[in-house]
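Written out below as structure tokens is the structure these notes cover.
Just so it is clear, the values below take in all heavy atoms, side chains as well, and ignore hydrogens, waters and symmetry mates. All chains are named by letter (A, B, ...) in the order of the sequence lines, taking the proteins before the strands, and each is independently numbered beginning at 1.
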Amino acid sequence: MGKREDYETGAPETIVGASVKIEGDLIGDGDILIDGTVSGKIKTNKNLNIGPTAKVDADVEAVNASIAGMVKGDIKIKGALIIQETGKVEGNITCSRLAIAEGGHFSGTSTMAEQTGEISQSVEEE
Amino acid sequence: MYFYIFDPRGEREVKYFERIQGRLLNTLAETHIEGETYRVTAIRSIELLVDQAIGAEAKTIIVVGSDSSLNKTINALVRKKADVTVGFISLDPTSSLGHIFGITADIQEAVKILAGRLVQTLDLGQIGEYYFLSKVDLGENYFTRTDGGFLGLGSAMQFWKLRPFPVQLYLDGHFTVMTEALGAQIINSRSNKGCRVKLGNPKDKLLDILILSKLTTAQVFRYRKALATGCLDNVPGASIFHAKRVEIMGPKKLPLAVEGQVYTKAPATVVVSKERIKMIVGKNRQF
């Protein structure tokens with residue numbers, strides 16, 4: 001998908017509204033905010049924000065991500081991943097830093113990679 | 001050489017043009033950008049005049065008229081694959097293209113901008129055989145800046161009448177977007193005045209897709225002021241995508257309009273054209 005560079009500060013480049021349904025590969029170079037339903041694949045070279053109303057059934061790749069909605073699929077994050085208190089993740093996570101807020105749900109395995117991308121340890125959680 | 005196409009349409013534009021014509025010609029002469037001038041008539045169409053300009057090896061065509069006149073000129077030029085720079089003097093103070101390109105309705109200011117000759121090469125959107133500078137509106141719900149009336153009640157009443165419609169788009173051959181929309185636009189360029197997000201850069205080789213999903217009656221009332229700005233992105237929950245190619249899959253027969261004029265119906269494909277246009281723009285352009 002295309003890239004836009006001159007957005008108002010703080011505005012995500014791609015926004016999937018709450019009542020929008022997407023099927024396929026949502027691939028972009030900018031920030032992505034998802035409040036709707038996505039099935040397929042999500043990939044961005046920047047930040048991904050999955051809102052509380054979002055339902056994602058897709059493999060996810062991003063630099064940093066915050067998840068407040070439901071995600072079913074494998075998640076690969078280069079930097080930090082935050083699962084918010086309303087967030088629910090079912091799948092395997094690879095990231096450098098992981099934070100799960102109280103109330104956040106995570107079912108799967110998490111692999112913590114260093115900033116260089118090398119895997120340092122692997123833990124299983126339920 | 002400058003080649004001027006005068007195309008006043010409608011009673012008001014014609015009267016205005018008759019009033020300013022003398023002053024316009026004088027100002028053009030004073031700024032040394034005078035040239036051949038032709039007026040569009042019933043038998044002398046814009047397309048014929050563009051042919052004539054190309055035949056005369058004009059390097060610059062200045063359109064003096066409405067947004068529709070400019071669109072017709074650009075379509076004629078692109079079809080001829082002519083290397084001609086286009087300038088615009090709007091006879092309509094509400095011209096959206098004039099605002100996008102930073103060209104005011106004030107004649108002297110507009111001539112100054114033409115004389116300044118700040119030329120930018122711009123993308124064109126293409127829907128079927130038709131090229132456009134601004135945007136395609138999907139469906140029958142057009143959103144323009146409106147006077148909200150007392151406490152915005154006028155605009156709320158107006159927006160309550162709009163009927164949502166299902167829409168299905170396929171972007172860049174990668175993913176399908178489905179929703180029930182109150183409004184949807186595919187933007188090459190637009191006026192961003194009063195808008196939350198800057199969209200429609202006609203130099204980025206991308207189309208911006210803006211979708212406002214169905215709103216409840218209460219939401220329409222709550223966001224009536226945002227809706228009255230004409231910027232769908234001012235309403236929370238609007239969706240934004242970017243693509244080079246947008247296939248409008250359905251619903252079938254969904255009207256697709258540019259500047260309020262329906263050009264085709266879904267299913268149709270909107271792309272960033274390979275053809276580009278050189279335009280004289282002002283400092284206050286929207287990109």
Worksheet item: Looking at residues at least two apart in the chain, or sitting in another chain, which of them share a salt bridge (Lys or Arg N to Asp or Glu O under 4.0 Å) with B:Arg245?
Response: B:Glu247
Worksheet item: So how far is it from A:Lys21 NZ to B:Gln168 CD, rounded to the nearest 0.5 Å?
Response: 10.0 Å
Discussion item. Need one label for A:Asp35: side chain, backbone, both or neither, based on atoms under 4.5 Å from any heavy atom in chain B.
Written reply: neither
Worksheet, complete the sentence: The reported gap from CD in A:Glu13 to CD1 in B:Ile240 (rounded to nearest 0.5 angstrom) is 10.0 Å
Discussion item. I need the minimum non-hydrogen distance between B:Ser213 and A:Val20, along with the two atoms involved.
Written reply: OG-CG2, 3.8 Å
Item to complete: Report yes or no: does B:Ser239 contribute a side-chain atom to a donor-acceptor pair with the main-chain N or O of A:Val16 at less than 3.5 Å?
Response: no
Practice prompt. Give a yes or no on this: more than 12 heavy atoms of other residues, nucleotides or ligands lie within 6.0 Å of atom CZ of B:Arg276.
Written response: yes
Worksheet item: Once you round to the nearest 0.5 Å, how far does OG1 of B:Thr179 lie from CD1 of A:Ile22?
Response: 10.0 Å
Worksheet item: Rounded to the nearest 0.5 Å, what separation is found between the CG atom of A:Asp25 and the CG atom of B:Leu171?
Response: 12.5 Å
Worksheet item: Got a second to check how far A:Leu26's CG is from B:Phe241's CZ, nearest 0.5 Å?
Response: 7.0 Å
Worksheet entry | Partner set under salt bridge (Lys or Arg N to Asp or Glu O under 4.0 Å) for A:Lys41, not counting sequence neighbours | none
